[in-house]
Amino acid sequence: SLHIIKTFKIASPGGWDYLEVGPMHDWLYVSHATQVNILNKNTGDSVGVIENTTGVHGIAFDVATGKGFTSNGRLNNVTVFDLKTNAVLSQIKTGENPDAIFYDDFSKKIITCNGGSNDLSIVDPVTEKVVATIAVGGKPETAVSNNAGKIFVNIEDKNKIVVVNITKNTVE
């Protein structure tokens, strides 16, 4: 049977969204209104905060570059941070209201689903720049990769899945 084994309390106001276990240390990254709280995933102790992420939804990681990325829905951008220190490196303008965010192993890119502008932003984690914007014909809520060149995007307001060819940056 399933049961709760631990509860972590974070004492500050605001809403919550995605959480991710980081690729280094024993850290849990929790999106929390205007910041990302970083906890030790074993003890629940606070190990840091990434600030100025208003409307933060998700967190993604690129181990090769040693960078993390947050999708900041109300700022229409992505915050880039150092995985070792959690120091903010830059902010990258994206489409409107970036929600889900993930690292695609195949293309080696960070991808945001922008619900306000009905598109995806494709970010190069090395240069920290948007290298493509792909219109998907509706509100992309989340997406997954098949790790072979295709991104499957849930178009929330159209009740359909769109397939994106990430090598051509086109909708199939």
Side-chain angles (χ1 to χ4, degrees), residues 13-20 22 29-38 49-65 67-83 86-172:
W16 310 87
D17 207 345
Y18 300 104
L19 65 159
E20 292 288 338
Y29 293 77
V30 183
S31 63
H32 185 193
T34 61
Q35 65 191 29
V36 174
N37 292 82
I38 307 162
V49 175
I50 301 167
E51 297 179 327
N52 193 25
T53 61
T54 303
V56 63
H57 288 285
I59 305 107
F61 309 102
D62 177 14
V63 175
T65 61
K67 298 174 184 175
F69 303 82
T70 69
S71 55
N72 310 321
R74 293 194 182 151
L75 297 176
N76 300 322
N77 70 18
V78 165
T79 295
V80 183
F81 63 94
D82 183 286
L83 285 177
N86 297 315
V88 171
L89 302 172
S90 70
Q91 289 192 315
I92 305 165
K93 183 169 175 35
T94 63
E96 296 173 20
N97 191 20
D99 190 341
I101 185 171
F102 70 99
Y103 176 76
D104 176 43
D105 285 320
F106 180 83
S107 66
K108 309 289 188 236
K109 301 292 187 278
I110 295 290
I111 298 165
T112 64
C113 295
N114 308 316
S117 52
N118 296 333
D119 55 25
L120 306 180
S121 291
I122 313 302
V123 175
D124 182 332
V126 174
T127 64
E128 299 177 17
K129 297 199 181 307
V130 172
V131 295
T133 300
I134 304 168
V136 292
K139 183 179 179 183
E141 197 271 333
T142 193
V144 295
S145 171
N146 71 350
N147 292 318
K150 295 201 188 317
I151 305 292
F152 297 87
V153 186
N154 174 20
I155 307 301
E156 184 177 40
D157 61 336
K158 305 288 184 188
N159 299 318
K160 67 179 182 178
I161 304 295
V162 169
V163 181
V164 171
N165 181 325
I166 197 67
T167 59
K168 297 178 182 176
N169 292 328
T170 57
V171 174
E172 294 187 345

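- Annotation: Phe61 is in aromatic contact with Tyr29 [ring centroid separation under 6.0 Å].
- Here the closest heavy-atom approach between residue Asn86 and residue Leu83 is recorded as OD1-O, 4.2 Å.
- Taking CZ of Phe81 as the reference point, atom CD1 of Ile59 lies at 7.0 Å (rounded to 0.5 Å).
- More than 12 heavy atoms of other residues, nucleotides or ligands sit less than 6.0 Å from atom CD of Glu141.
- Of the N and O atoms on the side chains of Thr79 and Gln91, at least one donor lies less than 3.5 Å from an acceptor on the other residue.
- Here the shortest heavy-atom pairing between Pro125 and Tyr103 reads CG-CE1, 4.4 Å.
- For the atom pair Leu75 CG and Glu96 CD, the distance stands at 13.0 Å (nearest 0.5 Å).
- Here the side chain of Thr34 pairs no donor or acceptor atom with the backbone of Thr54 at under 3.5 angstrom.
- In summary, the side chains of Ser121 and Asn114 do present a donor paired with an acceptor at a separation below 3.5 Å, with no hydrogens or angles considered.
- Within the model, atoms CG of Asn72 and OG1 of Thr53 stand 5.0 Å from one another, a figure rounded to the nearest 0.5 Å.
- Applying the side-chain contact (heavy atoms from CB on, under 4.5 Å) test between Phe69 and each of Ile101, Leu89, Ile111 identifies Ile101 as the sole match.
- Nearest heavy atoms, Gly115 versus Pro140: CA-CD, 4.1 Å.
- Interatomic distance, Asn146 CG to Ile166 CD1, rounded to the nearest 0.5 Å: 10.5 Å.
- Under 3.5 Å, the side chains of Asn154 and Glu156 contain no donor-acceptor pair of N or O atoms.
- For the pair Val144/Val153, no side-chain contact is recorded, criterion being any heavy-atom separation below 4.5 Å from C-beta on.
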Exercise. Tell me, with the steps shown, if Val49 and Val36 meet side chain to side chain contact (heavy atoms under 4.5 Å, CB included).
Key: CA-CA 6 Å; Val49 175; Val36 174; over 6 Å; no
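- One side chain, Ser145 or Asp104, offers a donor N or O that lies under 3.5 Å from an acceptor on the other.
- Interatomic distance, OG1 of Thr70 versus CG of Asn52, reported as 9.0 Å (0.5 Å rounding).
- Counting heavy atoms from C-beta outward, Lys109 and Val131 have side chains that approach closer than 4.5 Å.
- The closest side-chain heavy-atom distance from Val80 to Val88 is not below 4.5 Å.
- You'll find the side chain of Ile134 reaches within 4.5 Å of the side chain of Val171, heavy atoms only.
- More than 12 heavy atoms of other residues, nucleotides or ligands shown are found within 6.0 angstrom of NZ on Lys108.
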Exercise. Decide side chain to side chain contact (heavy atoms under 4.5 Å, CB included) for Val56 and Ser71; before the verdict, give the C-alpha distance in whole Å, the side-chain angles of both, and the deciding distance to 0.1 Å.
Key: CA-CA 6 Å; Val56 63; Ser71 55; 5.5 Å; no
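- Note that CG of Asn169 is 9.0 Å distant from OG1 of Thr133, once rounded to the nearest 0.5 Å.
- At distances below 3.5 Å, not a single donor-acceptor pair connects side-chain atoms of His57 with backbone N or O atoms of Ser31.
- Of all heavy-atom pairs spanning Ala33 and Gly14, the tightest one is CB-CA, 3.7 Å.
- Between the side chain of Lys150 and the backbone N or O of Val164, no donor-acceptor pair lies under 3.5 Å.
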Quiz prompt | Residues Ile50, Ile38; criterion side chain to side chain contact (heavy atoms under 4.5 Å, CB included); working and verdict | solution = CA-CA 8 Å; Ile50 301 167; Ile38 307 162; 3.9 Å; yes
Quiz prompt | side chain to side chain contact (heavy atoms under 4.5 Å, CB included) assessment of Lys67 paired with Glu128 | solution = CA-CA 10 Å; Lys67 298 174 184 175; Glu128 299 177 17; 2.7 Å; yes
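- When each of Ile110, Ile92, Thr112 is checked for a side-chain contact (heavy atoms from CB on, under 4.5 Å) with Val130, only Ile92 meets the rule.
- Looking at Ser117, its side chain never comes within 3.5 Å of a backbone N or O of Gly95 through a donor-acceptor pair.
- Asn165 places a side-chain N or O within 3.5 Å of a backbone atom of Thr167 that can act as its donor or acceptor partner.
- Although no hydrogens or angles enter the test, the distance criterion places no donor-acceptor pair under 3.5 Å between the side chain of Asp124 and the main chain of Lys129.
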